[in-house]
Protein chains: 2
Amino acid sequence: MDFYKSEPKVLLAVDCIIFGFNGESLEILLIKRGFDPERGKWSLMGGFVQPDESPEGAASRVLKKLTGLENVYMEDCGIFGDPNRERNGRVVSLAYFALIDTHQYEHIISDEYEAHWFPLTTYPELIFDHQQMIDKAKRELRTKAALYPILFELLPEKFTIPQIASLYECVYNIELDKRNFSRKLLASDLIIKLKEKDKENSKKGAFFYRLNTEIYREKIMSFLRYLPGWSMDE
Amino acid sequence: MDFYKSEPKVLLAVDCIIFGFNGESLEILLIKRGFDPERGKWSLMGGFVQPDESPEGAASRVLKKLTGLENVYMEDCGIFGDPNRERNGRVVSLAYFALIDTHQYEHIISDEYEAHWFPLTTYPELIFDHQQMIDKAKRELRTKAALYPILFELLPEKFTIPQIASLYECVYNIELDKRNFSRKLLASDLIIKLKEKDKENSKKGAFFYRLNTEIYREKIMSFLRYLPGWSMDE
DNA sequence: GCAAAAGTGTTTTTCTTACACCCATGG
DNA sequence: CCATGGGTGTAAGAAAAACACTTTTGC
């Protein structure tokens with residue numbers, strides 16, 4: 001039964017790039033390590049894959065431990081396994097990015113970890129190759145979000161069109177014509193208008209919308225516009 | 001120095017989804033296992049990550065061992081680590097897809113492995129979760145190729161426009177208007193016309209082209225058309 | 001000379017972009 | 001009553017799609 005006895009084993013870790021959007025800027029959640037090695041330095045939240053769990057499971061566990069959140073959108077976004085990436089022995093790390101709405105992030109158990117949100121434009125130096133992980137996660141996020149409407153995962157249930165627009169502006173570091181953006185989005189049938197208005201950010205107030213989950217599920221699987229009338233599931 | 005002594009180690013494998021295009025159909029390269037466990041069954045080519053190599057390194061090594069090819073386009077496309085995915089103990093496997101031109105595939109060391117190309121439409125049942133790996137690789141290939149011109153990696157140095165068109169048709173399972181496709185491609189400046197013609201596939205003959213590697217390198221990093229005038233590197 | 005694939009020209013339609021202008025409202 | 005962001009209308013321009021038609025050549 002033990003066919004692979006002679007094969008080498010490695011320590012397998014997961015690290016989470018946790019993206020959050022507060023309405024103004026795109027941010028990542030970092031922790032100040034309270035444990036060795038590299039105690040006291042800033043890093044991504046991570047952990048080791050346990051014998052009874054899958055890597056995704058480990059990533060979810062780690063995320064929940066830090067934020068208290070479950071059922072969060074996560075996606076693996078890279079394998080970091082250079083033999084010398086950690087000085088303290090061989091660790092292969094699987095990077096996952098998570099998209100959360102920062103407003104849900106109240107019930108944080110941050111007593112245990114010294115966690116802090118940083119804007120993606122300025123954050124402290126990080127240990128190991130965590131900087132590269134963030135870069136990779138950013139690229140993956142941009143690529144994926146160009147085809148699939150995953151950025152909605154960063155917004156609360158009720159959101160306004162100006163909010164989404166500014167989210168896209170943050171992610172791609174561009175300026176959008178909000179008027180055209182709004183129309184394009186409405187034409188996709190992805191969002192449903194609500195009666196309420198958000199009066200926080202303007203005098204006139206912007207209508208709230210919610211996701212049309214049916215269309216969303218459809219589009220999240222087939223948003224490719226490069227090829228004529230083609231959908232992912234064939 | 002030994003901070004992680006108490007953490008569990010796992011066997012870490014790589015499995016390669018090797019895509020090839022022969023001008024007619026998109027195929028994958030499978031091997032008939034000549035070793036236990038699951039001896040005699042069809043599977044992806046794989047191997048274990050060694051202490052002195054990165055996972056990408058392991059994937060390249062495995063690919064080279066089977067095909068003799070080096071410097072092949074590869075990309076990780078999924079982490080398969082369900083605790084019960086193998087009956088013979090815990091193995092986490094990292095899936096990589098490779099794109100190769102089947103015509104380069106002559107110097108195969110297939111004595112050691114019983115390898116065979118199968119069309120993506122019909123191939124034998126596979127061990128473990130290799131079927132899911134192929135599904136994932138297909139999805140990733142489609143997503144990536146919708147934004148970046150990676151499908152050229154499947155073609156020989158000299159190729160014709162009808163060849164690329166039929167490749168896209170294979171990958172996305174669609175029919176293209178070859179006339180419009182041709183113009184669109186030429187407009188991108190990605191390819192350079194050669195003097196020669198390929199007379200194999202038609203009486204008139206189709207001109208050969210080669211990649212404009214400069215434009216290629218540029219586009220492979222920024223082919224997103226979803227957002228106005230935006231490039232990946234900011 | 002005809003069948004078959006390659007490739008060009010042209011029209012139609014659809015999508016993007018730019019921007020003028022109206023709307024609602026808190027101060 | 002006006003400054004401010006939210007939102008609609010509209011017209012110009014670009015890109016995609018559809019398709020008629022010409023080119024080349026092996027048989």
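Chain letters run A, B, ... following the sequence lines, proteins first and then strands; every chain starts at 1. Fair warning: this is a prediction, and the values are worked out from it, not measured in the lab.
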Self-check item: Summary of salt bridge (Lys or Arg N to Asp or Glu O under 4.0 Å) pairs that have at least one residue in residues 71-80 of chain B, sequence neighbours excluded
Solution: B:Glu75-B:Lys144
Quiz item: Does B:Phe208 have its ring centroid less than 6.0 Å away from the ring centroid of B:Phe159?
Solution: no
Practice problem: May I have the distance from A:Glu175 (atom CD) to C:dC19 (atom P), rounded to whole angstrom? | Solution: 14 Å
Quiz item: What nucleotide among D:dG6, D:dA18, D:dA16 has an atom nearest to a side-chain atom of A:Ala206?
Solution: D:dG6
Self-check item: Which residue lies more 5' along DNA chain D, comparing B:Asn180 with A:Thr160 via nearest heavy atoms
Solution: A:Thr160
Exercise. Summarise protein proximity over nucleotides 22-27 of chain C in one line of letters, 5' to 3': B for base, S for sugar-phosphate only, - for none, counting protein heavy atoms closer than 4.0 Å.
Key: -BBBB-
Practice problem: Using atom types as modelled and distance alone, determine if a side-chain donor or acceptor of B:His130 lies under 3.5 Å from a backbone N or O of B:Ser43. | Solution: no
Quiz prompt | Euclidean distance, atom NZ of residue B:Lys193 to atom C1' of C:dA6 [Å, nearest integer] | solution = 10 Å
Exercise. Using five base pairs at each end, measure the axis-to-axis angle across the helix from C:dG1-D:dC27 to C:dG27-D:dC1 and round it to 10 degrees.
Key: 10°
Quiz item: Do B:Tyr96 side-chain atoms and B:Asp15 backbone N/O form a donor-acceptor pair below 3.5 Å?
Solution: no
Quiz item: So A:Trp42 and A:Phe118, would you call those rings parallel, tilted or perpendicular, with 30° and 60° as cut-offs?
Solution: perpendicular
Quiz item: Relative to the ring of B:Tyr168, is the ring of B:Tyr172 parallel (under 30°), tilted (30 to 60°) or perpendicular (over 60°)?
Solution: parallel
Quiz item: Rounded to whole angstroms, how far apart are CZ on B:Arg179 and P on D:dA16?
Solution: 17 Å
Self-check item: Spacing of B:Ile191 atom CD1 relative to C:dA6 atom P, expressed in whole Å
Solution: 14 Å
Exercise. Compute whether any side-chain donor of one residue and acceptor of the other, for A:Gln131 and A:Asp135, lie under 3.5 angstrom apart.
Key: yes
Practice problem: Write down the distance between CG (A:Leu186) and P (D:dT8), rounded to a whole number of angstrom. | Solution: 7 Å
Exercise. Round to a whole Å and report the spacing from CG of B:Asp177 to P of C:dT11.
Key: 17 Å
Exercise. Identify whether the distance between the nearest side-chain nitrogen and carboxylate oxygen of A:Lys64 and A:Glu70 falls below 4.0 Å.
Key: yes
Exercise. Check every atom of D:dG6, C:dG9, C:dG7 against the side chain of B:Pro162 and return the nucleotide holding the closest atom.
Key: C:dG7
Exercise. Let me know the distance between CD1 of A:Ile161 and C1' of D:dT8, rounded to the nearest Å.
Key: 12 Å
Quiz item: How close do A:Thr102 and A:Asn22 get, heavy atom to heavy atom, and via which atoms?
Solution: OG1-CA, 3.4 Å
Practice problem: Calculate the interatomic distance between B:Gln163 atom CD and C:dA6 atom C1'; express it in whole Å. | Solution: 13 Å
